[in-house]
Amino acid sequence: MKDTSSVEMKDTTSTEERGSEPGTPKEKAKIAAFLCRWCSYAGADLAGGSRRKYPPNIRIIRTPCSARINPLFVWKCLEEGLDGVLVSGCHPGECHYTEGNYHTRRTFAVFRKLLEYIGIEPERFHMSWVSAAEGDKWAEVVKEVAKIVESVGPNRYFPKGNENDGRGTS
Amino acid sequence: MVEELRKKAEELLRSGKVEAIIGYQRSNGSASTTPCFIEAEDEVTRLVWDEHCVYNLTLYLKEMKKKAGVVAKGCDAKAVVALIQENQIERDQVQIIGVECERQLDGKGRVLEKCKTCQVHIPGIYDVLIRSKTPTSKTEKEELAEEDDAVRELEAKPVSERWRFWQKQFEKCIRCYACRQICPLCYCPECITEKTMPQWILPSPSLKGNTAWNVVRAFHLAGRCVDCGECERVCPVGIPLRKLNKKLEKEIKTMFDYVPGLDPEKKPPLTDFRMDDPEEFVR
Ligand code: SF4
Ligand code: FES
């Protein structure tokens with residue numbers, strides 16, 4: 001059976017249908033998107049419900065609040081070979097838990113600087129505020145993010161095969 | 001200074017203000033020093049103070065079950081402030097014996113890097129202050145206070161080169177966790193690197209695991225690290241950990257106008273926020 005999570009699946013639907021730019025499936029960037037359930041996830045849902053088209057590069061992971069998104073989640077994605085990560089929450093002042101996203105904002109303001117500093121291309125990490133009513137904005141964000149992530153090419157930080165992942169037998 | 005230090009320590013013990021003093025003693029006849037714990041007044045003669053007193057003794061404060069006095073340089077005193085901010089110790093449980101420090105030397109007799117840019121030769125917080133008889137002269141101090149540009153140098157390099165630089169460094173890591181053990185602010189009873197369900201960080205020395213460990217170590221100290229530089233000093237393979245710490249210190253200063261270890265009343269920046277925090281990077 002085919003692994004539905006793999007990029008190879010994409011060429012079963014025409015790119016036009018998907019609303020994405022043409023390109024060979026192998027070049028498609030894989031992007032993880034962590035969305036808070038109250039705003040951004042609902043916004044993405046609305047985009048889907050209203051049949052907005054956007055690139056299929058995104059893999060959505062729903063979290064209770066953007067403040068739940070530990071920087072380690074982002075690190076883990078990059079470590080495991082994803083090409084980009086998007087973190088999205090409610091607009092400031094609109095977090096379901098009042099101030100969660102203010103903390104998210106500070107956390108990632110700092111964490112992204114650390115990523116850049118240790119040599120991760122800044123094009124790989126993104127953040128957005130998308131409300132439950134902003135289906136259109138969500139589609140736009142994904143389009144932009146996918147384009148930027150693709151512009152820096154695939155993630156080659158820890159190439160598969162020649163890394164010592166600590167699970168070896170030596 | 002040593003005489004004065006011993007006298008003050010004796011007074012503190014005699015008055016019952018403290019039950020123990022954490023200080024430095026000579027290490028087996030060599031020039032270097034080791035931490036010592038003094039509980040009896042007549043033992044204060046073991047105490048020494050000179051340019052070889054490098055340890056940050058505030059590391060032991062959290063574990064002291066009794067009222068303690070601690071010999072603290074300017075950088076060490078900042079760690080006390082951070083510990084108070086984070087409710088790890090109570091201000092009235094500790095007597096800070098501040099020492100005016102000019103600059104300390106490493107094992108090979110070279111001035112420690114952190115001392116070259118030190119801004120706190122006199123501790124910002126203390127109960128007793130021991131002044132130096134030969135304080136660093138003003139001009140010299142100004143010269144020393146010149147910005148640490150190790151961070152800027154690396155920032156100026158292209159991103160791929162930074163990656164190579166740090167991978168080369170992290171490759172050396174043997175995961176001894178000396179950097180964590182020596183850090184007065186790394187006090188979690190269970191460290192994320194030891195969690196196994198799920199396992200966030202590969203525990204064995206490997207490029208992946210080492211990178212994750214170093215990223216996490218640095219980030220968990222963001223806005224808290226007081227740059228006592230102990231992690232870098234103890235790292236057996238010579239990873240420039242201060243270069244990571246200083247970067248985050250710099251970013252936090254620019255973005256949130258916050259400097260760690262100065263004000264015990266302030267909230268650490270990553271537990272706090274302002275409505276108008278920078279967000280130009282958010283779509
Ligand atoms: S002290 Fe150095 S070698 Fe040991 S865990 Fe820390 S960074 Fe790695
Ligand atoms: S619930 Fe959306 S950011 Fe907190």
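These numbers were taken from a predicted model, which means no experiment stands behind them.
A cation-pi arrangement, defined by a distance under 6.0 Å to the six-membered ring centre and an angle within 45 degrees of its axis, is absent between A:Arg105 and B:Phe273.
The side-chain heavy atoms of B:Arg283 and A:Val130, taken from C-beta on, include no pair separated by under 4.5 Å. For the pair A:Glu79/B:Thr211, no side-chain contact is recorded, criterion being any heavy-atom separation below 4.5 Å from C-beta on. For the pair A:Tyr117/B:Glu251, no side-chain contact is recorded, criterion being any heavy-atom separation below 4.5 Å from C-beta on. Between B:Leu244 and A:Leu114 there is a side-chain heavy-atom pair separated by less than 4.5 Å. Counting only heavy atoms from C-beta outward, the side chains of A:Lys113 and B:Glu155 never approach each other to under 4.5 Å. Between B:Glu279 and A:Phe108 the shortest side-chain heavy-atom distance does not fall below 4.5 Å. Residues A:Val110 and B:Phe256 have side chains in contact (heavy-atom distance under 4.5 Å, counting atoms from C-beta outward).
Contact of A:Trp129 with chain B is made through backbone and side chain together, with heavy-atom distances under 4.5 Å. Within the 4.5 angstrom heavy-atom criterion, no atom of A:Leu86 approaches chain B. The contact between A:Val145 and chain B is made entirely by side chain atoms (from C-beta outward), counting heavy-atom distances below 4.5 Å. Contacts of A:Glu144 with chain B are made by side-chain atoms alone, with heavy-atom separations under 4.5 Å and no backbone atom involved.
Taking both residues in full, the closest heavy atoms of A:Met127 and B:Phe281 are given as SD-CE1, 3.6 Å, listed atom of the first, atom of the second, then distance.
Here A:Arg112 is the residue among A:Arg112, A:Lys137, A:Glu99, A:Glu140 with the most heavy-atom pairs under 4.5 Å with chain B.
Counting non-hydrogen atoms of neighbouring residues, nucleotides and ligands closer than 6.0 angstrom, the CG atom of B:Asp276 exceeds 12 such neighbours.
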